2 protein chains.
Amino acid sequence: MSTFENLEYSSLLANFKELLKNNSLKFTKQREVVLKTLYERNEHFTPEDLYIFLKSTYPELNIGIATVYRTLNLLEESLMVTSISFGVAGKKFELANKPHHDHMICKTCGLIIEFQNDKIEQLQLEIAKANHFHITSHLMQLRGLCEKCAKEKS
Amino acid sequence: MSTFENLEYSSLLANFKELLKNNSLKFTKQREVVLKTLYERNEHFTPEDLYIFLKSTYPELNIGIATVYRTLNLLEESLMVTSISFGVAGKKFELANKPHHDHMICKTCGLIIEFQNDKIEQLQLEIAKANHFHITSHLMQLRGLCEKCAKEKS
DNA sequence: GTCACTGCAAACGGTTTGCACCTCT
DNA sequence: AGAGGTGCAAACCGTTTGCAGTGAC
């Protein structure tokens, strides 16, 4: 269970500021808009997508893509965002303020459906235990076709 | 269930040759040693690891890394090998001649433990059905520490 | 005023591609 | 002989890093 579950923006922001302070890091406009955008849009962003969005939404900041990467990495290390991996194609990031969940990903249109299943989580723990393995995280993605794309193909 | 499950080398080779013939592709020494190595070593190879192994084991072939990538991609498209992804760090490939399974991966030493659980597979299908999603494949990795590394850390 | 942060551009690492030569069929 | 395959090196693409200038504290 994440420390940041179900927090609203003001609390997330306070957490972020405290985290920065504790590590002698600075609160900047760039870091603020990254967190704000992840919160408000509630989407799965690639660093590239987020960069493009921020570039056009806050042109006065003239944000660089390196800063987007640096901020996402900082937030991920701090467990305030999580990422899902797409193999060689890269990663997508989302804010970690919702309960743990996994993803179904449509191969055709890229739609992401979130789901959560306690029984599977439980079984994973049992399997790990049987193998003397200590789970720190897991990755579960179901890949295939969403309803719309499945219809279009048939 | 894979078409190639439990096949031994001679059958795999025959399948590969037929596949090549059907697509007007040629059977070469390079393609042969890639398949042979994946079969004999029965490991999870990165393209780089496989390249280094082939380079030293068959120096007379003077194999290039591009050929290793091309062959692995060909075999993966043909469903004769599968890959597991490590985010930005790349992929590892293994021969698809064993029954479907998933992986536990030790973050510290890279150890890979294979496991299989019918109940989870069943639950995944149910979840997909409830979301009108048509699964074609799934990815499940448990990440954490193996027994040995967990002991060393404590 | 100091130290961290930023944008920029160059570097990086894994992967793919264009090309001239080679090899399987 | 001809099609496809190969090794090589260059290109590619997402990501990281060095650096000089900027901004938070």
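This structure is a prediction, so every number in the text was calculated from the model and none was measured. No hydrogens, no waters, no symmetry mates; every other heavy atom, side chains included, goes into these values. Residue numbers start from 1 in every chain, and the chains themselves are labelled A, B, ... in the order their sequence lines are given, proteins ahead of strands.
For Thr28(B), no side-chain nitrogen or oxygen approaches OP1 or OP2 of dG4(D) to under 4.0 Å. Considering only side-chain N and O atoms, Asn62(B) lies under 4.0 angstrom from the phosphate OP1 or OP2 of dC8(D). Phosphate proximity of dT15(C) to Asn73(B): absent, as no side-chain N or O sits under 4.0 Å from OP1 or OP2. Between dC5(C) and Arg70(A), no contact under 4.0 Å exists linking OP1 or OP2 to a side-chain N or O. Between Gln30(A) and dG7(C) there is a side-chain polar atom (N or O) within less than 4.0 angstrom of OP1 or OP2.
In this structure, of dC8(C), dT15(D), dT15(C), it is dT15(D) that holds the atom nearest to the side chain of Pro47(A). The Ala66(B) side chain lies nearest to dC8(D) when the options are dC5(C), dT16(D), dC8(D). Nearest to the side chain of Lys26(B), among dC5(C), dC24(C), dC8(D), sits dC24(C). Nearest to the side-chain atoms of Phe27(A) among the listed nucleotides dC25(D), dG14(D), dG4(D) stands dC25(D).
Atom pair Leu75(A):CG and dC5(C):P shows a separation of 13 Å (rounding to whole Å applied). For Leu74(A) and dC5(C), the CG to C1' distance is 12 Å, given to the nearest whole Å. We find that CG of Leu25(A) is positioned 12 Å from C1' of dA24(D), with the value rounded to whole Å. Rounding to whole angstrom units, CG of residue Leu72(B) and C1' of dT15(C) are separated by 12 Å. One can place CZ of Phe16(B) at 12 Å from C1' of dG5(D), the figure rounded to the nearest angstrom. Between Glu32(A) atom CD and dC25(D) atom P there is a gap of 11 Å when expressed in whole angstrom units. With rounding to whole Å, Tyr69(B) atom OH is found 19 Å from dG5(D) atom C1'. Rounded to a whole Å, the NZ atom of Lys17(B) is 13 Å from the P atom of dC24(C).
By the criterion of side-chain heavy atoms lying less than 4.5 angstrom apart, applied directly or through intervening Ile, Leu, Val, Met, Phe, Trp or Tyr residues, Leu72(A) is grouped together with Phe16(A) in one hydrophobic cluster.
Residue Ser24(A) is in sugar-phosphate contact alone, with no base atom involved, counting any heavy-atom pair closer than 4.0 Å across all strands shown. Within 4.0 Å (heavy atoms only), Leu20(A) reaches no atom of the nucleic acid at all. At the heavy-atom level, Ile65(A) lies nowhere under 4.0 Å from the strands shown. Backbone-only contact: Leu61(A) has heavy atoms under 4.0 Å from sugar-phosphate atoms and none from a base.
As a member of the Ile/Leu/Val/Met/Phe/Trp/Tyr network built from side-chain separations under 4.5 Å, Leu139(A) groups with Leu139(B).
Relative ring orientation between His101(A) and His44(A) is described as perpendicular, the plane-to-plane angle rising above 60° on a 0-90° scale split at 30° and 60°. A tilted orientation is assigned to the rings of Phe45(A) and Phe53(A), their planes being inclined by 30° to 60°.
Side-chain N or O atoms of Arg31(A) include one that pairs as donor or acceptor with a backbone N or O of Lys26(A) at under 3.5 Å.
Using a 4.0 Å cut-off between charged side-chain N and carboxylate O, Glu126(A) and Lys119(B) make no salt bridge.
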